[in-house]
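First up is the structure itself, then whatever we jot down about it.
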Amino acid sequence: LKEGVKMAIALEQKFKQLESLIDQLVSNAEEMKEISKQVISKDELKPLQQKQEDLVRQINDLEHDIKALLKDVKHVEEL
């Protein structure tokens with residue numbers, strides 16, 4: 001039971017991180033949209049595009065962590 005509680009807490013933390021990253025991703029996309037209406041140079045968008053790619057990478061990493069935790073939870077439930 002104790003191990004299951006630890007895993008549940010870890011999952012909750014991962015989901016909070018995921019929610020935060022998604023919020024940042026949306027915010028960044030909105031900023032890119034606004035800037036793209038005004039920008040003449042693609043160089044001005046490059047930092048936002050790089051941030052977007054980094055956020056997507058972080059979301060993918062979190063997805064992997066969550067899947068691993070869920071697999072562990074399933075294993076504990078089987079014991």
Side-chain angles (χ1 to χ4, degrees):
L1 181 64
K2 191 174 185 179
E3 190 66 29
V5 171
K6 286 181 185 178
M7 287 183 197
I9 291 169
L11 272 173
E12 182 179 354
Q13 291 171 340
K14 294 293 181 185
F15 281 121
K16 285 180 181 179
Q17 288 177 320
L18 184 58
E19 183 178 9
S20 174
L21 286 171
I22 290 171
D23 289 344
Q24 290 177 57
L25 191 65
V26 169
S27 175
N28 196 63
E30 289 170 350
E31 189 175 348
M32 286 175 68
K33 181 180 173 184
E34 286 304 310
I35 289 176
S36 69
K37 293 176 184 176
Q38 308 161 10
V39 171
I40 296 171
S41 167
K42 289 185 178 182
D43 291 336
E44 293 177 70
L45 277 176
K46 191 166 183 107
L48 289 171
Q49 290 171 330
Q50 289 174 335
K51 181 177 181 181
Q52 201 79 345
E53 291 171 6
D54 184 50
L55 289 168
V56 169
R57 216 175 354 267
Q58 289 180 53
I59 288 171
N60 287 333
D61 291 345
L62 264 176
E63 178 187 26
H64 174 67
D65 293 348
I66 289 169
K67 285 181 179 179
L69 280 168
L70 288 172
K71 192 181 240 185
D72 289 344
V73 167
K74 186 175 181 179
H75 175 71
V76 168
E77 288 175 350
E78 292 172 354
L79 294 178

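Predicted model, so just to flag it, every value in this text is computed and none were measured. Index from 1, following the sequence.
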Pairwise distance [atom1]([X]) to [atom2]([Y]) - rounded to 0.5 angstrom:
X     : Y     : atom1 : atom2 : answer
Gln52 : Ser27 : CD    : OG    : 9.5 Å
Lys6  : Leu69 : NZ    : CG    : 13.0 Å
Met7  : Asp72 : CE    : CG    : 4.5 Å
Lys14 : His64 : NZ    : NE2   : 10.0 Å
Asp65 : Leu11 : CG    : CG    : 10.0 Å
Gln38 : Leu45 : CD    : CG    : 10.0 Å

Side-chain heavy-atom pair Lys67, Lys71 within 4.5 angstrom cut-off
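With C-beta onward as the side chain, the pair stays apart.
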Residue from Leu62, Ile22, Ile59, Ile66 passing side chain to side chain contact (heavy atoms under 4.5 Å, CB included) with Gln17:
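Looking at Leu62, Ile22, Ile59, Ile66, the match for Gln17 under the side chain to side chain contact (heavy atoms under 4.5 Å, CB included) is Leu62.
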From the options Val56, Leu25, Asn28, select the one residue that forms a side chain to side chain contact (heavy atoms under 4.5 Å, CB included) with Lys51.
Asn28
Does a side chain donor of either Gln58 or Asp54 reach within less than 3.5 Å of an acceptor in the other side chain?
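Distance-only check passes for Gln58 and Asp54.
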Cationic N near anionic O, under 4.0 Å, Glu53 to Arg57:
no
